[in-house]
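Data block below; observations after.
Sequential numbering from 1 along the given sequence is applied to the chain's residues. The shown structure was predicted, so the numbers you read here are calculated from the model rather than taken from an experiment. No hydrogens, no waters, no symmetry mates; every other heavy atom, side chains included, goes into these values.
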Amino acid sequence: MLRKGIQILSGLAIVFSFVACSKNGSGTDDDSNHLFSANDKTPPEILIFTPVSGQVFANSSTINITGRITDDLGLYRGTIKIVNEATGNTVMSQSYEIHGLRLYNFNINHPVSVTASADYSVTVSFEDHGANTASKSVMVKVNP
């Protein structure tokens, strides 16, 4: 009887561990849940729905970053960043660690504040478990 109870608890611990490592935004460099897949030769596909390239934002508005990342055998990790092109400063960076999901929809809102017009790149970069990488960027402008 005790043996069955231990087996059930072990199963629950494994399920809980999988759910915990499937959540985004962990921002850790812990590769203990990463299983390299030598058979994976296809990089992730990234679609950025918003913002669109060349879109202009007013000071104190919000840049809404939405899109989809897919991979045939499962995603691993990536980042979504906003970089000021004039200074090279990263003004927003969100890290993700998403083990095994084949599709991930993202939606981030980032408020912007400028004193002079500025060009920003919005970049989504992702890697799968075969170490294949993909990156997509759009350029936007923020006016005071």
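In terms of heavy-atom proximity, Val52 sits nearest to Val140 at O-CG1, 3.9 Å. Contact detail for Ser125 and Ser135: the closest heavy-atom pair is OG-OG, 2.9 Å. Nearest heavy-atom pair across Ala134 and Pro44 is CB-O, 3.2 Å. Residues Val124 and Ile46 share a closest heavy-atom pair of O-CD1, 3.4 Å.
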Using distance only, find each side-chain donor-acceptor pair of residues 79-92 under 3.5 Å and give its atom names and separation, not counting sequence neighbours.
{"from": "Asn84", "atom 1": "OD1", "to": "Ala86", "atom 2": "N", "distance (Å)": "2.9"}
{"from": "Asn84", "atom 1": "OD1", "to": "Thr87", "atom 2": "N", "distance (Å)": "3.2"}
{"from": "Glu85", "atom 1": "OE2", "to": "Ser121", "atom 2": "OG", "distance (Å)": "2.7"}
{"from": "Thr87", "atom 1": "OG1", "to": "Asn89", "atom 2": "N", "distance (Å)": "3.1"}
{"from": "Thr87", "atom 1": "OG1", "to": "Asn89", "atom 2": "ND2", "distance (Å)": "3.3"}

Throw together a table of side-chain donor-acceptor distances under 3.5 angstrom for residues 56-64, partners on residues two or more places apart or in other chains.
{"from": "Asn59", "atom 1": "OD1", "to": "Val114", "atom 2": "N", "distance (Å)": "2.6"}
{"from": "Ser61", "atom 1": "OG", "to": "Ala58", "atom 2": "N", "distance (Å)": "3.4"}
{"from": "Ser61", "atom 1": "OG", "to": "Ala58", "atom 2": "O", "distance (Å)": "2.5"}
{"from": "Asn64", "atom 1": "OD1", "to": "Thr50", "atom 2": "OG1", "distance (Å)": "3.4"}
{"from": "Asn64", "atom 1": "ND2", "to": "Asn107", "atom 2": "OD1", "distance (Å)": "2.9"}
{"from": "Asn64", "atom 1": "ND2", "to": "Asn109", "atom 2": "OD1", "distance (Å)": "2.5"}

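Taken from CG in Leu75 to OG1 in Thr70, the straight-line distance is 7.5 Å, to the nearest 0.5 Å. For the atom pair Lys41 NZ and Asp72 CG, the distance stands at 12.0 Å (nearest 0.5 Å). Rounded to the nearest 0.5 angstrom, Ile65 CD1 and His110 NE2 are separated by 8.0 Å.
Here Thr123 pairs with Ser137 under the side chain to side chain donor-acceptor pair (under 3.5 Å) rule; sequence neighbours left out. With sequence neighbours excluded, no residue satisfies side chain to side chain donor-acceptor pair (under 3.5 Å) with Ser53. Considering only residues two or more places apart in sequence or on other chains, Asn132 meets the side chain to side chain donor-acceptor pair (under 3.5 Å) condition with Asp40, Asp128.
Phe49 belongs to a hydrophobic cluster whose remaining members, ordered by chain and number, are Leu47; membership requires side-chain heavy atoms of ILVMFWY residues under 4.5 Å apart, directly or through intermediates.
For the salt bridge (charged side-chain N to carboxylate O under 4.0 Å, His left out) condition, no pair includes a residue of residues 49-60, sequence neighbours left out. The salt bridge (charged side-chain N to carboxylate O under 4.0 Å, His left out) contacts involving residues 132-144 comprise Asp119-Lys141, where partners must be two or more places apart or lie in separate chains. Among residues at least two apart or in separate chains, there is no salt bridge (charged side-chain N to carboxylate O under 4.0 Å, His left out) pair with a member in residues 49-70. Residue pairs meeting the salt bridge (charged side-chain N to carboxylate O under 4.0 Å, His left out) criterion with at least one partner in residues 50-67, sequence neighbours excluded, are absent.
Ion pairing between Arg77 and Glu127 holds under the 4.0 Å rule for side-chain N and carboxylate O.
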message: Run the side chain to side chain contact (heavy atoms under 4.5 Å, CB included) test on His99 and Tyr76 for me, step by step, so that the C-alpha distance in whole Å, both residues' side-chain angles and the decisive distance to 0.1 Å come before the verdict.
response: CA-CA 5 Å; His99 292 277; Tyr76 172 34; 3.3 Å; yes
- prompt: Which is it for Phe126 and Ile98 under the side chain to side chain contact (heavy atoms under 4.5 Å, CB included) test, yes or no, and what are the steps along the way?
  reply: CA-CA 10 Å; Phe126 247 85; Ile98 305 171; 3.9 Å; yes
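In this structure, the side chains of Asn143 and Ser117 come closer than 4.5 Å at one or more pairs of heavy atoms.
Leu73 is not connected to Ile69 by any chain of hydrophobic side-chain contacts under 4.5 Å among Ile, Leu, Val, Met, Phe, Trp and Tyr, and they are in different clusters.
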